[in-house]
Amino acid sequence: MATGRMWLSVWALLAAEQLLHSVVCGYDGNEVAFDANGCVLPYSGTLPDLYPVKTYPTFGTTWNVTYHNTYKVLYAGCTNGKNCSQAFVLYQCGTIPPSVAGARAIQIPVSKVAVADTPVLTFLELIGSRTAIRAIVDISYVSSMCIRRMFSLGMINISFDQATWGLNYVDLASQGYTVAFTSSYLPVSDPAVLFREDKETSALGIMEYVLFTALFFNREVVAQQSFRDIQLRMNCHQALVANAPKVKAVFLGYANAYGSYWVKPQGCPNYYCDLFSYLPPAIAMLHWWIFSLEYKTNQLSCASNSL
């Protein structure tokens, strides 16, 4: 029942967001209308602010955004909110893309994206944009049963560059992709968009990437609600262990198919150090993976995005 209620809430928010972008009043009192793809229909006056709901990072430091009447300027690959390595003009379909120095223009809402790393998939699912996922690097690392089903049905293809072990940008560009979410440790060229959640120093900074992802789909409303829900749960955990005995971390470690890795505590601040404030250290890392996996399997119903 909890899962059903959650998705009723998500779909209600998506419906409200659709209504929000179906009709907007112009400065002259006339309505600005949109077609089924979110494109602005012909309008003779000066277009008003098409984005009445705006979202900005509060905890995150690796991206930023500014809003304008018909477009957003997104900065990605930032360090402490500055020195950003990428800039994008996300302009509304049906409008003329503005010229912003050093920024690549991307028409929104996008209809398809490629994904290099599995964490991005969860954020796309959380905002109801699962069906926009059309290309990934390797299905074997994907735990979402819904996405695995899409792959089995031929709805998602493999895009792999043997030389870089990442997405094949040349093929993606030739297929009309304008957005390919990729990590900072992989080579970057168009249509790559840096997804640097791993460089955030706090858990909530990572979770704010649900807001980052929503910018490409005009789904700020549902993303904000999703983030608030996550923040409430994390704050609840933090309150429960507020009086627990404090344990000093000597080291952190994890293991995968390629071997074991140790993370020295002097590497803090970072998100896994931050997680120790939410749970007793002995289970902090274990809980993080369960928390992440929970959204990919138990919480998300395949029926939510037509699958």
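These numbers were taken from a predicted model, which means no experiment stands behind them.
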TODO: Applying side-chain contact (heavy atoms from CB on, under 4.5 Å), run through Val179 and Phe217 and close with a yes or a no.
DONE: CA-CA 11 Å; Val179 175; Phe217 300 90; over 6 Å; no
- [ ] Please assess Glu220 against Val53 for the test side-chain contact (heavy atoms from CB on, under 4.5 Å), listing each intermediate value before the final yes or no.
- [x] CA-CA 7 Å; Glu220 282 90 336; Val53 177; 4.1 Å; yes
Open item on the list: The test is side-chain hydrogen bond (donor to acceptor under 3.5 Å, both in side chains); show your working for Gln225 and Asp229 and say whether it passes.
Closed with: CA-CA 6 Å; Gln225 183 60 54; Asp229 290 343; 2.9 Å; yes
Open item on the list: Pair Asn157, Phe151 - check side-chain contact (heavy atoms from CB on, under 4.5 Å), show working.
Closed with: CA-CA 7 Å; Asn157 299 313; Phe151 178 78; over 6 Å; no
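No donor-acceptor distance shorter than 3.5 angstrom exists from the side chain of Asp117 to the backbone of Pro119, with no hydrogens or angles considered. For the pair Arg148 (side chain) and Val142 (backbone), a donor-acceptor distance under 3.5 Å is present. In terms of modelled atom types and a separation under 3.5 Å, the side chain of Gln86 and the main chain of Ala192 share a donor-acceptor contact.
Thr62 and Arg196 make their closest contact through OG1-O, 3.8 Å (heavy atoms, listed as atom of the first residue, atom of the second, distance). Residue Met155 comes nearest to Arg134 through the heavy atom pair O-CD, 3.7 Å, listed as atom of the first residue, atom of the second, then distance. Closest approach of Leu47 and Tyr43 over heavy atoms only: CD2-CD2, 3.6 Å. Closest approach of Ala135 to Ser159, counting heavy atoms only: CB-CB, 4.2 Å. Taking each heavy atom of Leu126 and Val222 in turn, the nearest pair found is O-CG2, 4.4 Å.
Below 30°, between 30° and 60°, or above 60°: for Phe59 and Phe227 the angle between ring planes is between 30° and 60°, a tilted geometry. Using the six-membered ring where Trp is involved, Phe160 and Trp165 have ring planes that are perpendicular, over 60° apart on the 30 and 60° scheme.
Only one option out of Asn218, Asn69, Thr70 pairs with Gln92 in a side-chain hydrogen bond (donor to acceptor under 3.5 Å, both in side chains); it is Asn218.
If you chain together hydrophobic residues whose side chains sit under 4.5 Å apart, Leu172 and Phe88 fall into the same group. Cluster membership check: Leu194 does not share its hydrophobic cluster with Tyr56, using side-chain heavy-atom separations under 4.5 Å among Ile, Leu, Val, Met, Phe, Trp and Tyr. No single ILVMFWY cluster, assembled from side-chain heavy atoms under 4.5 Å apart, contains both Val73 and Tyr51. Linking ILVMFWY residues whenever their side-chain heavy atoms come closer than 4.5 Å, directly or via other members, places Val113 and Tyr177 in the same cluster.
Residues Thr66 and Lys72 form no side-chain contact, since every pair of their non-hydrogen atoms from C-beta on lies 4.5 Å or further apart. The shortest side-chain heavy-atom distance between Ser144 and Leu121 does not fall under the 4.5 Å cut-off. Within the 4.5 Å cutoff, the side chain of Thr61 has no heavy atoms near those of the Lys82 side chain. Side-chain atoms of Thr182 and Val120, non-hydrogen and from C-beta on, never get closer than 4.5 Å to each other. Between Leu215 and Leu90, the closest side-chain pair of non-hydrogen atoms falls below 4.5 Å. Proximity of Ile127 to Thr213: side-chain heavy atoms (C-beta onward) are separated by under 4.5 Å at one or more points.
Checking Thr178 against Gln107 by side-chain atom types alone, no donor-acceptor pair falls below 3.5 Å.
Residues Phe212 and Phe195 bring their aromatic ring centres within 6.0 Å. The ring of Phe216 has its center closer than 6.0 angstrom to the ring center of Phe181.
Taking the centre and axis of the six-membered ring of Tyr67, the NZ or CZ atom of Lys54 falls inside the cone set by 45° and 6.0 Å.
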